[in-house]
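For reference, the structure is listed below as structure tokens.
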Amino acid sequence: GAVVSQHPSWVICKSGTSVKIECRSLDFQATTMFWYRQFPKQSLMLMATSNEGSKATYEQGVEKDKFLINHASLTLSTLTVTSAHPEDSSFYICSAIRGAHSFGGYTFGSGTRLTVV
Amino acid sequence: GNSVTQMEGPVTLSEEAFLTINCTYTATGYPSLFWYVQYPGEGLQLLLKATKADDKGSNKGFEATYRKETTSFHLEKGSVQVSDSAVYFCALSDPGSSNTGKLIFGQGTTLQVKP
């Protein structure tokens, strides 16, 4: 079945530094990937939609310059948290579409726990 | 706009008890409906789905029926196990939306099953 690999699974960084999270579709081509953020004991909040070869579409209230998304190939999307602050600490999850989205073609990565100290 | 509402948790049950987690939705068009499960520290796994009215999704003993008349997609299992302890998310996607492919999630319901 479809597999999405997300790396790293956890990361601790200092305030002011940048962190890159990778999301790879291992056995299929993903023209569209999504980045979500999940706060403790809360639901997933869609941050942005990443389309291969074009600029990401950000949800309202998400800072484009802070959360840089690059989808340079059909199997890789990256999320870079720039100048991280403690309030950016969260669980970040990516998902990728395989085929027609309406048929449940979403596959999720295992998530990245980011802690900013 | 589109939205999903789940019953608040946590839901605490004894092993072999019957489970129902309620989910209702508001959507334009004809959404597909999903249940995802998240085990501690992990990402989401698709549990089951239904793409049109009256469809029943099922997997691992879990079932949910797409009820258009009541705009509901309640999750049920006849006999839960300790290993079912997790957070369950109801979600919808609207193929008619200009933002094609977006999933809208409910707030999640934590299930705790005790031996």
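Per chain, numbering begins at 1; letters A, B, ... match sequence-line order.
- One hydrophobic cluster, built from ILVMFWY side chains closer than 4.5 Å, cannot hold both A:V19 and A:M33; they sit in different ones.
- Neither the backbone nor the side chain of B:Q45 comes within contact range of chain A, judged by heavy atoms closer than 4.5 Å.
- In this structure, B:L46 CG and A:S95 OG are separated by 11.5 Å, a value rounded to the nearest 0.5 Å.
- Considering only heavy atoms from C-beta on, A:Q38 stays 4.5 Å or farther from B:F105 through its side chain.
- Cluster membership check: B:F73 shares its hydrophobic cluster with B:L47, using side-chain heavy-atom separations under 4.5 Å among Ile, Leu, Val, Met, Phe, Trp and Tyr.
- Among all heavy-atom pairs drawn from A:F91 and B:E42, the shortest one is CE2-O, 3.5 Å.
- A continuous path of Ile, Leu, Val, Met, Phe, Trp and Tyr side chains, each step under 4.5 Å between heavy atoms, connects B:V80 with B:M7, placing both in one hydrophobic cluster.
- Side-chain heavy atoms closer than 4.5 Å link hydrophobic residues (I, L, V, M, F, W, Y) into clusters, and following such links, possibly through other members, connects A:W35 to A:V62.
- Counted within 6.0 Å of CD on B:E15, heavy atoms from surrounding residues, nucleotides or ligands total more than 12; the atom is thus considered enclosed.
- Note on B:L13 and B:I21: same hydrophobic cluster, where clusters join Ile, Leu, Val, Met, Phe, Trp and Tyr whose side-chain heavy atoms are under 4.5 Å apart, directly or indirectly.
- Of residues 106-115 of chain B, those residues lying under 4.5 Å from chain A by any heavy-atom pair are B:G106, B:Q107.
- Remark: B:W35 engages no residue in a side chain to side chain donor-acceptor pair (under 3.5 Å) (not counting sequence neighbours).
- Listed here is the closest heavy atom pair of A:F108 and B:L44: CB-O, 3.3 Å.
- By the neighbour-count criterion of 12 heavy atoms within 6.0 Å, atom CD of B:E16 is sparsely surrounded, having that number or fewer from other residues, nucleotides or ligands.
- Inter-residue side-chain proximity for A:Y106 and B:L103 is flagged as met; some heavy-atom pair is nearer than 4.5 Å.
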